[in-house]
> 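I'd like to ask some things about the structure below.
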Amino acid sequence: MSTAGTVTSFVARLYGERLRVAYDGYVTRDPVERLSLRPGRDDPYALYERIRDRGTLSRTRHGGWVTPSYELSSAVLRDRGLTSSRGVGEGGGAGLDEASLSFLGMNPPDHTRLRSVVRRAFSPRALDGYRPRIERSVDTLLDAASARGSFDLVGSLAAPLPIAVITDLLGIPDEYALDFAEYGATIGSALDGIRSLRHAARLVNSQTKLAAMFDDLFARRRADPRDDVISTLANAPDDVVAPGELRPLCFLLLIAGFETTVNLIGNCVLALLDRPPLWRELCADPVGLAGAVVEETLRFDPPVQRTSRYPSRETELAGRLLRPDEQVVVLIGAANRDPAVYRRPDEFDPHRAGAPEHLAFSAGTHYCLGGPLARLEAQVAVRRLAERMPHLQRAGAVRRRNATTIRGPVELPVRLAAAPRATGAGS
Ligand code: HEM
């Protein structure tokens, strides 16, 4: 097909798809479709309850299935007969070359082979090594923010921290760091699909530039290996990481590292500042409470709201027969508030005990590799924030990410009050 033909059909598909979602969401008021529209971005949890009313596993309007149930979601994610071959999100990842999701879209044994190569970078020993660097990064960012008095928590802390950490972990040299951050952000934004032709063009441009950057680094680290992930990958034998698998692996780590932890920190601080008594409790015991607060954020408002699986053959699930190509959307955000599993599921309560682990990091074969790192980053961030800025308050409206799979604030204005307030801050 000519370039003009490709562009025309791309535009027709893109806008046809948008029209379909808008029709189903606004006209038929279908709750699954509404998740991709403004009502779903503002409050997906109300829509999840409408989906829950339909049962454990229900049909989507387009031949797929959706589950809001914790028990079924957990079973689907652990079921080896269901694959993740189309990546993250319903129709999500549409803007990305599937191969760029590397082992997230693979099954064992290839999945196991590639996951093991990078596992060492996320081991407890490696995490101990990252901790002081994370603490230093957080303190440097907070020094700059506190000098300003009023600042955007996302732009000043939640976004730059994970970028600094993943840059460090991969071993991106300083001279590449700024370009790397810019291209990485563009590529990460495609997790929810391509929004426009301009977005598509920026994506292709970023992918090309990043690919060249990685190729250059692979060559440099072959000649002069360091203690970083790019050196490990570049020097792995071809039967462990085939040459064509190198770049997709780096892209996966980049996207996973960029687009998720930022929202965990944002969602956590938002939940705390909206609950002044809880914020004060954290400030009274930052070391003791930071872990529980981060964990409850992962349950209550998870950064990755959904994923999906595909049966590799005819499969029975919750009494329904699924055909091989039918997508099963797992609503992680809904599963984490399933009243069959969590008491008072809509309450943010870091003191809940005895409940099973949330599904924010998925489950089974594809359980998030970076979970411990994300937890560490978020815990250090909220602990240091509580220690250094106990008088922090909200200072304006939250602007939310325009996304369905990923949830979090894109802007969270805050300010440092001069003195503690008896009633605390609120929205
Ligand atoms: C709060 C932060 C994070 C959240 C909520 C999150 C969530 C997830 C989820 C839900 C999956 C599985 C998707 C599925 O089952 O289809 C996943 C997989 C993955 N995550 Fe994370 N993630 C986070 C941070 C990170 C970080 C910081 C990294 C690394 C830098 C990372 C690396 C990965 C990788 C490599 C996979 C693929 C695992 C596999 O297929 O075996 N994640 N993550």
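Ligands are counted one by one from 1 in listed order, and the atoms in each one are counted from 1 as well. Just so you know, these numbers come straight off a predicted model, no measurement behind them.
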> Hey, is the main chain of Asp227 close enough, under 3.5 Å, to the side chain of Ser231 for a donor-acceptor pair?
no
> Under 4.0 Å from a heavy atom of Ala374: which atoms of ligand 1 are those, numbered in the order shown and with their elements?
1 (C), 2 (C), 24 (C)
> Within the structure, does His366 bring an N/O atom to less than 3.5 angstrom of an N/O atom in ligand 1?
yes
> Show the atoms of ligand 1 that are less than 4.0 angstrom away from any heavy atom in His111.
39 (C), 40 (O), 41 (O)
> Using a strict 4.0 Å cut-off to heavy atoms of Leu264, name the atoms of ligand 1 that fall inside it.
1 (C)
> Can you establish whether the number of heavy atoms outside Asp128 located under 6.0 Å from its atom CG is more than 12?
yes
> Mind checking the CG-CG spacing from Asp301 to Asn267? Nearest 0.5 Å is all I need.
4.0 Å
> Is any N or O atom of Thr261, backbone or side chain, closer than 3.5 Å to an N or O atom of ligand 1?
no
> If the contact criterion is a heavy-atom separation under 4.0 Å, does Leu169 count as touching ligand 1?
no
> Answer side chain, backbone, both or neither: which part of Thr365 comes under 4.0 Å from ligand 1, heavy atoms only.
backbone
> Of the backbone atoms (N, CA, C, O) and the side-chain heavy atoms from C-beta on, which set of Phe122 has a member under 4.0 Å from an atom of ligand 1: side chain, backbone, both, or neither?
side chain
> Quick test of your reading of the model: are Glu49 and Arg54 salt-bridged, counting only N-O distances below 4.0 Å?
no
> Run down the list Cys368, Ser102, Ala121 and name the one with the heavy atom closest to atom 22 (N) of ligand 1.
Cys368
> Between the side chain of Arg52 and the main-chain N/O of Ala334, is any donor-acceptor distance below 3.5 Å?
yes
> Are Glu281 and Arg275 ion-paired here, with the side-chain N under 4.0 Å from a carboxylate O?
no
> Quick check: does Arg309 get an N/O under 3.5 Å from an N/O on ligand 1?
yes
> Just go through Pro303, Ala360, Ala363, Gly257 and tell me whose heavy atom is the nearest to atom 7 (C) of ligand 1.
Ala360
> Are Asn235 and Arg222 close enough, and set up right, to give a side chain to side chain donor-acceptor pair (under 3.5 Å), and what steps lead you there?
CA-CA 6 Å; Asn235 293 291; Arg222 272 186 201 115; 5.5 Å; no
> I need the contact type for Glu377 against ligand 1. Using non-hydrogen atoms and a strict under-4.0 Å cut-off, is it side chain, backbone, both or neither?
neither
> Between Arg34 and Asp30, does at least one N-O distance fall below 4.0 Å, as a salt bridge requires?
no
> Less than 4.0 Å is my threshold; does some heavy atom of Arg375 fall inside it relative to ligand 1?
no
> In terms of side-chain heavy atoms, does Glu296 have a donor or acceptor partner in His358 at a distance below 3.5 Å?
no
> Between Arg383 and Glu377, is there a salt bridge with N-O shorter than 4.0 Å?
no
> Does ligand 1 come near enough to Tyr367 that some N or O of the ligand is less than 3.5 Å from an N or O of the residue?
no
> Quick check: does any side chain N or O of Arg299 sit under 3.5 Å from a backbone N or O of Asn336, one acting as donor and the other as acceptor?
yes
> Using a strict threshold of under 4.0 Å (side-chain N to carboxylate O), is an ion pair present between Arg309 and Asp79?
no
> Out of Thr260, Leu254, Val229, indicate the one that has the non-hydrogen atom closest to atom 24 (C) of ligand 1.
Thr260
> Give the atom numbers and elements of ligand 1 that come within less than 4.0 Å of a heavy atom of Ser362.
10 (C), 12 (C), 14 (C), 15 (O)
> State the atoms of ligand 1, each with its element, that fall below the 4.0 Å cut-off from a heavy-atom position in Arg115.
38 (C), 39 (C), 41 (O)
> Just jot down the ligand 1 atoms closer than 4.0 angstrom to any heavy atom of Ile166, in number order.
30 (C)
> With heavy atoms only and a cut-off of under 4.0 Å, state how Leu104 meets ligand 1: side chain, backbone, both or neither.
both
